[in-house]
Trainee: 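Before I ask anything, let me first share the structure, which is written out below as structure tokens.
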2 protein chains.
Amino acid sequence: MSSPARTLRLQPEDNVVVTIDVAQPGDATSSGVVAAARVPKGHKMATAAIAPGAPVLKFGQIIGFATKAIAPGDWVHEHNLAMGEDFDRDYRFGEGVRPDTLLPEAERATFQGFRRADGRAGTRNYLAILTSVNCSASVARFIAKEVERSGILADYPTIDGVIPLVHGTGCGMADKGEGFEALKRTQWGYATNPNIAGVLLVGLGCEVFQIGRMKSEYGLVEGERFRTMTIQDEGGTRRTVEAGVARLREMMPSAASARREAIPASELVLALQCGGSDGYSGITANPALGAAADLLVDNGGTAILSETPEIYGAEHLLTRRAVDRAVGEKLVDTIHWWEAYTRRNGGEMNNNPSPGNKAGGLTTILEKSLGAAAKGGTRNLAAVYRYAERVADHGFVFMDTPGYDPVSATGQVAGGANVLCFTTGRGSAYGCKPTPSIKLATNSDMARHMTDDMDIDCGDVLDGVSIADKGRQIFDRILAVASGEQSKSEALGYGDAEFVPWQIGATM
Amino acid sequence: MSSPARTLRLQPEDNVVVTIDVAQPGDATSSGVVAAARVPKGHKMATAAIAPGAPVLKFGQIIGFATKAIAPGDWVHEHNLAMGEDFDRDYRFGEGVRPDTLLPEAERATFQGFRRADGRAGTRNYLAILTSVNCSASVARFIAKEVERSGILADYPTIDGVIPLVHGTGCGMADKGEGFEALKRTQWGYATNPNIAGVLLVGLGCEVFQIGRMKSEYGLVEGERFRTMTIQDEGGTRRTVEAGVARLREMMPSAASARREAIPASELVLALQCGGSDGYSGITANPALGAAADLLVDNGGTAILSETPEIYGAEHLLTRRAVDRAVGEKLVDTIHWWEAYTRRNGGEMNNNPSPGNKAGGLTTILEKSLGAAAKGGTRNLAAVYRYAERVADHGFVFMDTPGYDPVSATGQVAGGANVLCFTTGRGSAYGCKPTPSIKLATNSDMARHMTDDMDIDCGDVLDGVSIADKGRQIFDRILAVASGEQSKSEALGYGDAEFVPWQIGATM
Ligand SMILES: [Ca+2]
Ligand SMILES: [Ca+2]
Ligand SMILES: [Ca+2]
Ligand SMILES: [Ca+2]
Ligand SMILES: [Ca+2]
């Protein structure tokens, strides 16, 4: 007798499992249920009777409703499952809010981090050179190169490095409106990210993004932690590089005095990312990362889900988890903004399963978007933020960003993320400074193929490792990396080219 | 007796001069005309009688029409000068076309350049690492760093360097439409720019901007001059870096075999740029650069004017110079495209003189835009190109780009520019690879203040150096830099952070 066909249950309350092997009628399966029909690999098999009109649950969430009676062992797909009529316009704000799952303080995890003056905690200790505009990008890099060449940092081993964060925008743009505001929040967010001990902000002088205006709007004061300069004031490239190196030298003793200490995991702000998804993303790495996010939230920490275009169609499941109506409505407003944004740019929002998705086992838009949202876990939605806005709430939160990895992560880091987890199926080479990025492979083949880049192989979920155990493993790695252990992308030196602020609006 | 008030005549046919000193009624001026009114510094004084309704000429072009009789010595400004009614909708295609001014072949200048296989000429001899997407940016930089660390290039002194050209886009974008097409032209344009001897194009693998698609659309064939790879195919960061270094090593012997030889100046393709303009831009550096552009065109070469938002309002003067109606209409279409582009992004096209501009002496939108367009000189408009489109015509041409310097220059270099001149009043620190950039200061104060960055001080035009002589000096420097002399920005090491393709459309 052959071994039962493997299946995967994503959450205990689900009434379907995902098949890892093809199941033929009469086949025993690892779910304990005997297949009543042929169920292709990666598709859904019912493990309970589902009455017509009753919800089908996957990821612990409604992915649609039975269009006819479904028996245990049945294949569940387009022939017997559909979105409920008008379900997609029914936000049911807060209906799905669950009781608090916070651990008692005594049971909460800690990590070794840097306590900053504003009370937040860093997991790294960088000096950063920010740039107001592309016109000062080369000078920022020359300053960093000169610091490296000089060998000054050898005297300050507790400083992780001097990072030039250069970009392509800052001029040729409107000096007000959402594009300008997004850039301003991004710059300020990086300047104050707790992984950065001190900031030198370098401009050209005549750009649209005026440093003086940013300083006055945020009440920024020059000092040991924050200095600014412009190439036009200093008198050209060489003098600016010299003066910039001098300013950084002045910052080093104070930056170097930071020491790691035990800090509650509640001070961790975890950015959730995925890029280069595949058919396994929604059933291995994303749910496993979601379990880790739940653990972090239960420890009082913060997990930021983003990538609005990828959760499109599942927003009414997030609104059910919203702690109050205002939070839910802010998410809905965000969705409407995206519909207008894509429309005025000649496109449309569309996250419907493609024919390829359907062949792979995805039936509804809910199911597809939930695969992406699964990395956010299952806790209540505490807040919704604009791109690059400072994340102040603890718990599970959403930040509006594009799906494009570097732009999305830049917004999250600006929001204060001090650690980042990134799931990938095709194999992303993403890395970040100042925020360490942990890469999670959705399948073992890719994890082996790109072994230098992948921190954790989540493909073993298909071999029987539970989502809960995998989540615990990821959570432990988050604590270790937050405490100073290098992630793979950090060891490779990533992070100098991945600062990409979202450009909204016309380039003039 | 005091010396006469200084004035500046921009073109011989002008009926106004610009005052360098304030002129009081009765003051002698260096134009030979006695001031009949107080004329503020930087403003216009008539040097001939102008009848009501007759054109006022500055830059050798119509900047408006007299609204009352103007006598020699009169101050010319809003009280007696305005745009003609409907003048701004009257394109008069080709009416201003002038006879050919091409020099006899025997009298034409030459430079020492690299003759490429496709017949075009390079002024530099780089190897480039292009990136299809931000996700391969770090790997591109790691490859360049490893080449540098290895010291291989010491064996190939005729190679100017290995440049990683990284950017923020390539995914999270529509896979068709004007944004995608602009990026495709940009990548292909860099890959084939004659200043580049060989190209390694590195991708991630799953990005929207697919390398395979670009290869098939342009018929690109892998060989000694062009190689591609993806991180996902190679198996991660380390293997891609190793393989990338190996591919570049294979390209080096052939790249290094290039030798400079005498090449007609007709093979020069000059990108015209300005950034950080001031009140002197339109009367010193821009007209001087225009004179150099005219010299280049008379030598059979090509000069590319760009920055559509900055010539807005003067397009009907360029259409008069268009060699045929189709060329003129293409420019008008471009203007209309920009009106729609800014409108759908919540802005509007507006290049009207501001109150500050008016106080400084600019009366009409024509005059303001002509100050920017003056760097294009006075020759016939031979062609109009889309952003990053291959420039195939010789003569004076226009390429549609934003005004923002790095984005504009990226389009011009993609178009094939092998040398670049950049005027600046406030003081730009721009530099470019693979195309050397020559920086022209509009005023001597800034030229002294930023002496490490400025190649030529055009402020001496105010002290009596003629526009024609200044143009000759710039033209000679263009030939010298094209022949291998380093520009200031090259010596400083600029050009690794200024590759900024125009992002059109939504970031998803
Ligand atoms: Ca994703
Ligand atoms: Ca993504
Ligand atoms: Ca709140
Ligand atoms: Ca300009
Ligand atoms: Ca410009």
Side-chain angles (χ1 to χ4, degrees), chain A residues 134-142 166-168 171-174 177 204-206 231-232 235-240 275-276 309 341-342 344-347 402-407 426-431 449-454 492-498 500 502-508, chain B residues 134-142 166-168 171-174 177 204-206 231-232 235-240 275-276 309 341-342 344-347 402-407 426-431 449-454 492-498 500 502-508:
Chain A
N134 181 263
C135 310
S136 53
S138 278
V139 162
R141 291 177 54 176
F142 296 157
V166 310
H167 59 85
C171 203
M173 65 189 296
L204 174 61
C206 59
I231 298 168
Q232 287 170 358
T237 300
R238 285 210 175 88
R239 286 178 202 147
T240 311
Y341 173 60
T342 47
R344 73 175 178 259
N345 282 288
Y404 182 38
D405 311 330
V407 174
R426 305 285 298 276
S428 160
Y430 177 81
H449 184 56
M450 291 181 60
T451 183
D452 294 334
D453 297 84
M454 296 301 130
L492 288 166
Y494 275 89
D496 288 326
E498 289 81 4
V500 187
W502 188 8
Q503 280 179 247
I504 309 168
T507 299
M508 298 283 292
Chain B
N134 181 263
C135 309
S136 54
S138 279
V139 161
R141 290 177 54 177
F142 296 157
V166 309
H167 58 86
C171 203
M173 65 189 296
L204 174 60
C206 59
I231 298 169
Q232 287 171 358
T237 300
R238 284 210 177 89
R239 287 178 202 145
T240 311
Y341 173 60
T342 48
R344 73 176 179 259
N345 282 289
Y404 183 37
D405 311 331
V407 174
R426 305 286 298 276
S428 160
Y430 178 80
H449 184 56
M450 291 182 61
T451 183
D452 294 334
D453 297 83
M454 296 300 129
L492 288 166
Y494 274 89
D496 288 325
E498 289 80 5
V500 188
W502 188 9
Q503 280 180 246
I504 310 169
T507 300
M508 298 285 291

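Nothing here was measured: the structure is a model prediction, and the numbers come from that model. Just so it is clear: chains get the letters A, B, ... in the order the sequence lines come, proteins before strands, and each one is counted from 1.
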Trainee: At a 4.5 Å cut-off on heavy atoms, which part of D453(B) comes close to chain A: side chain, backbone, both, or neither?
Mentor: side chain
Trainee: Considering only heavy atoms, which portion of L204(A) lies under 4.5 Å from any heavy atom of chain B: side chain, backbone, both, or neither?
Mentor: side chain
Trainee: Could you check whether any side-chain N or O of Y341(A) sits under 3.5 Å from a backbone N or O of M508(B), counting only pairs where one atom can act as donor and the other as acceptor?
Mentor: no
Trainee: Return the option, out of G493(A), G347(A), A174(A), C135(A), with the maximum number of heavy-atom pairs under 4.5 Å with chain B.
Mentor: G493(A)
Trainee: To check you understand the geometry: which heavy-atom pair defines the closest contact between Y404(B) and C171(A), and what is its length?
Mentor: CE1-CB, 3.4 Å
Trainee: Between chain A and each of A429(B), P402(B), G172(B), count heavy-atom pairs under 4.5 Å; write down the option with the most.
Mentor: P402(B)
Trainee: N134(A) versus chain B, heavy atoms under 4.5 Å apart: side chain, backbone, both or neither?
Mentor: both
Trainee: Could you measure the distance from the CG atom of N345(B) to the CG atom of N345(A)? Nearest 0.5 Å is fine.
Mentor: 6.0 Å
Trainee: Shorter than 4.5 Å, heavy atoms on both sides: which option in H167(B), M450(B), M173(B) has the most such pairs with chain A?
Mentor: M450(B)
Trainee: Heavy-atom distance under 4.5 Å to chain A: side chain of R426(B), backbone, both or neither?
Mentor: both
Trainee: Select, from H449(B), M454(B), R344(B), the one with the greatest count of heavy-atom pairs under 4.5 Å involving chain A.
Mentor: H449(B)
Trainee: Any side-chain donor paired with an acceptor under 3.5 Å for T237(B) and D452(A)?
Mentor: no
Trainee: Taking side chain as everything from C-beta outward and backbone as N, CA, C, O, which of these in R238(A) sits under 4.5 Å from a heavy atom of chain B? Side chain, backbone, both or neither.
Mentor: both
Trainee: With no hydrogens and no angle check, do the side chains of S138(B) and E498(A) hold a donor and an acceptor under 3.5 Å apart?
Mentor: yes
Trainee: Only counting residues at least two apart or in another chain, list the ones meeting ring-ring contact (aromatic ring centres under 6.0 Å, His included) with Y494(A).
Mentor: F142(B)
Trainee: Of all of Q503(B), R239(B), Q232(B), which one pairs up most often with chain A through heavy atoms under 4.5 Å apart?
Mentor: Q232(B)
